[in-house]
There are 2 protein chains.
Amino acid sequence: MAISLSTLQRLPAYLRILKSLENEEYVSSTLIAQKLNLSNIQVRKDLACVSTSEGKARLGFNREKLIEDIEAFLEIDNTTDVIVVGAGRIGQALMQYKNFENNVNIIMGFDNDLRKCDNKKVFPLDKLQSLVNRMNIHIAILTVPAESAQEVCDLLVRVGIKGIWNFTTVHLDVPEDVIVKNEDLSASLMLLVKQLRKENE
Amino acid sequence: MAISLSTLQRLPAYLRILKSLENEEYVSSTLIAQKLNLSNIQVRKDLACVSTSEGKARLGFNREKLIEDIEAFLEIDNTTDVIVVGAGRIGQALMQYKNFENNVNIIMGFDNDLRKCDNKKVFPLDKLQSLVNRMNIHIAILTVPAESAQEVCDLLVRVGIKGIWNFTTVHLDVPEDVIVKNEDLSASLMLLVKQLRKENE
DNA sequence: TAGATTGTTAATCGATTAACAATC
DNA sequence: TAGATTGTTAATCGATTAACAATC
């Protein structure tokens, strides 16, 4: 049975909780659920999807083993190189962001307005094709202005990018085999404000 | 009937599409759905939740009226002041981000390591209580290092913050009446990488 | 008119939750 | 043993989709 996206999205949170409980040999689904405000049944079901060994009645799951299992499932060890396209403030902040997991490595940026970003080089967009091909890149972080978002996206698709983390406010039109993950900061904050107002009604 | 979170989250996208179709007087649910890869039924249901007037058979919805309705529903006109706590790279990039909607205004930042950010001032954390009270702030963007995330979160809750946009990798423990919206960039990118690998299996 | 579109009611689908026997 | 926990099967819940009459 394929894992659901909902389950997949909870795995990183489980991993964090497990890692934070340094002194425990066993961790129960009840404890994890409590810390994340989820139901223990849900946690158990999720873990059943990725765990290679069974939990122990009365004790819970072996913490180290479970961490290994989740990391193996998420393929944390296998590093993928990604690029940032658009070296504005957000793009630069992401290029310098230190907390990405080990499975991801931002190797360079692209922008027609050349800048240097710590130890990461920024190349002009006309170098995109050759560098993406040579370095075998399939994922791009898109942080260009809204006006050029679709145009640059089309370019990314043309050079063979298959996954786009989209920080622009534009809904990108892409072929079926390309995955876009939208990270519309403007919409996110607007919705948080709205939700909070609703709470207070 | 209360609007569902799923519907709420699609509204900003509808708004963007509607605004981009500058020359149309009427816009159909079919067209919006097509542009966003959704079903037209879903779009219609969503719009029914927020639209004050009915759509017209054969034509669709009056574009300008619909924009007004969605904006009124999201309360885009009513500006809320928010603060950034943690003026590192991400925090600074957000403070200078120009694309937030009109309903949000980042008025200042807080960090013990004082910096200046364009025209926005950064204050030390011990000024938080008095400034949050005086300015009547209820929302904070949390961009501090993971190590101090829960501690600063507790402080935010103590001074009366009710909504936290959490950019740290830590799952925050908050009272029931505080809304946390997690924006874990590290988990997001890791999951995009994983999804893409899954596609290729 | 024919055909595209709307809005609503019913059906489907998938995720979450409940129930419960098995285990240590 | 008693009680906490697991894993699984069934029930519930909510969101999406299908069906279809009404409209212009």
Side-chain angles (χ1 to χ4, degrees), chain A residues 1-14 17-18 21 24-70 73 171 182 191 195 198, chain B residues 1-14 17-18 21 24-70 73 171 182 191 195 198:
Chain A
M1 182 204 58
I3 196 168
S4 77
L5 184 60
S6 322
T7 293
L8 192 59
Q9 286 173 336
R10 283 187 293 265
L11 294 179
Y14 297 159
I17 297 288
L18 288 167
L21 295 166
E24 307 298 324
E25 188 177 355
Y26 288 92
V27 178
S28 75
S29 56
T30 317
L31 180 61
I32 299 175
Q34 195 181 37
K35 288 196 178 277
L36 294 171
N37 295 322
L38 301 173
S39 83
N40 57 356
I41 309 164
Q42 187 171 55
V43 173
R44 233 160 26 244
K45 274 226 162 143
D46 287 344
L47 294 181
C49 296
V50 299
S51 173
T52 58
S53 59
E54 300 192 332
K56 291 211 173 106
R58 189 110 163 77
L59 285 170
F61 297 82
N62 179 291
R63 182 178 148 270
E64 292 188 359
K65 188 79 182 66
L66 195 50
I67 291 177
E68 272 176 35
D69 285 346
I70 299 178
F73 183 86
H171 178 88
N182 291 303
L191 289 176
Q195 277 176 270
K198 204 166 60 174
Chain B
M1 184 205 55
I3 196 168
S4 78
L5 185 59
S6 323
T7 294
L8 191 58
Q9 285 171 338
R10 284 187 292 266
L11 294 178
Y14 297 159
I17 297 289
L18 288 166
L21 296 166
E24 308 298 323
E25 188 177 354
Y26 288 91
V27 178
S28 76
S29 56
T30 317
L31 180 62
I32 298 175
Q34 196 182 38
K35 288 194 176 279
L36 293 172
N37 296 320
L38 301 172
S39 82
N40 56 359
I41 309 162
Q42 187 171 55
V43 174
R44 234 160 26 244
K45 274 224 163 143
D46 287 344
L47 295 181
C49 296
V50 299
S51 171
T52 57
S53 58
E54 301 191 333
K56 292 210 174 110
R58 190 110 161 77
L59 285 171
F61 296 82
N62 178 291
R63 184 178 146 270
E64 291 188 1
K65 188 81 181 64
L66 194 51
I67 291 177
E68 273 177 36
D69 285 346
I70 299 178
F73 183 86
H171 178 88
N182 290 303
L191 289 175
Q195 276 176 270
K198 204 167 59 176

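All values reported here derive from a predicted model rather than from experimental measurement. In what follows, every chain begins at residue 1, and chains take the letters A, B, ... in the order their sequences are listed.
Taken from CD1 in B:Ile67 to CD1 in B:Ile17, the straight-line distance is 11.0 Å, to the nearest 0.5 Å. For the atom pair A:Gln195 CD and A:Leu191 CG, the distance stands at 6.5 Å (nearest 0.5 Å). Taken from CG in B:Asn40 to CG in B:Leu47, the straight-line distance is 11.0 Å, to the nearest 0.5 Å.
Closest to the side chain of A:Gln42, out of C:dT17, D:dT5, C:dG7, is C:dT17.
Taking atom CG of residue B:Leu5 and atom P of nucleotide D:dA15, one finds them 9 Å apart after rounding to whole Å. As rounded to whole Å, 13 Å separates atom P of C:dT6 from atom CG of B:Asn62. Per the geometry, CG belonging to A:Asn40 stands 19 Å off P belonging to D:dG3, to the nearest Å. Between the P atom of D:dG14 and the CG atom of B:Asp46 lies a distance of 17 Å, rounded to the nearest Å. In this structure, CD1 of B:Ile3 is placed 15 Å from C1' of D:dT16, rounded to the nearest angstrom.
For A:Arg10, the salt bridge (charged side-chain N to carboxylate O under 4.0 Å, His left out) partners are A:Asp46, not counting sequence neighbours. B:Ser4 is linked by a side chain to side chain donor-acceptor pair (under 3.5 Å) to B:Thr7, counting only residues two or more places apart in sequence or in another chain. Take B:Arg44 and apply the salt bridge (charged side-chain N to carboxylate O under 4.0 Å, His left out) test, not counting sequence neighbours, and it matches no residue.
Within the 4.5 Å cutoff, side-chain heavy atoms of A:Leu11 are placed close to those of A:Ile3. For the pair A:Phe61 and A:Leu18, the minimum side-chain heavy-atom distance is 4.5 Å or more.
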Output field dot_bracket for DNA chain D (Watson-Crick or G-U, both distances under 3.5 Å, | for other-strand pairs) contains ..||||||||||||||||||||||

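Within 6.0 Å of CD on B:Glu64 lie no more than 12 heavy atoms contributed by other residues, nucleotides or ligands.
For residues 29-39 of chain B, proximity to DNA chain D is found at B:Ser39, defined as any non-hydrogen atom under 4.0 angstrom from a strand atom.
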Compile the donor-acceptor pairs under 3.5 Å between side chains in residues 52-59 of chain A and protein atoms, sequence neighbours left out, one pair per line.
| residue | atom | partner | partner atom | Å |
| --- | --- | --- | --- | --- |
| A:Thr52 | OG1 | A:Lys65 | NZ | 2.9 |
| A:Thr52 | OG1 | A:Asp69 | OD1 | 3.0 |
| A:Thr52 | OG1 | A:Asp69 | OD2 | 3.1 |
| A:Lys56 | NZ | A:Tyr26 | OH | 2.9 |

Donor-acceptor contacts under 3.5 Å from residues 31-39 of chain B side chains, at least two apart:
| residue | atom | partner | partner atom | Å |
| --- | --- | --- | --- | --- |
| B:Ser39 | OG | B:Gln42 | N | 3.1 |

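For the residue pair B:Val43 and B:Tyr14, the shortest heavy atom distance occurs at CA-OH, 3.7 Å. The nearest pair of heavy atoms linking B:Ser51 to B:Leu66 is CB-CD1, 4.2 Å.
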Between the protein and nucleotides 21-24 of chain C, list the N/O to N/O atom pairs that are separated by less than 3.5 angstrom.
none

Do nucleotides 8-13 of chain C as a string where each nucleotide becomes B, S or -: B if the base has a protein heavy atom under 4.0 Å, S if just the sugar-phosphate does, - if no protein is that close. -BB---

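B:Arg10 has no side-chain polar atom (N or O) that falls below the 4.0 Å cut-off from OP1 or OP2 of D:dA15.
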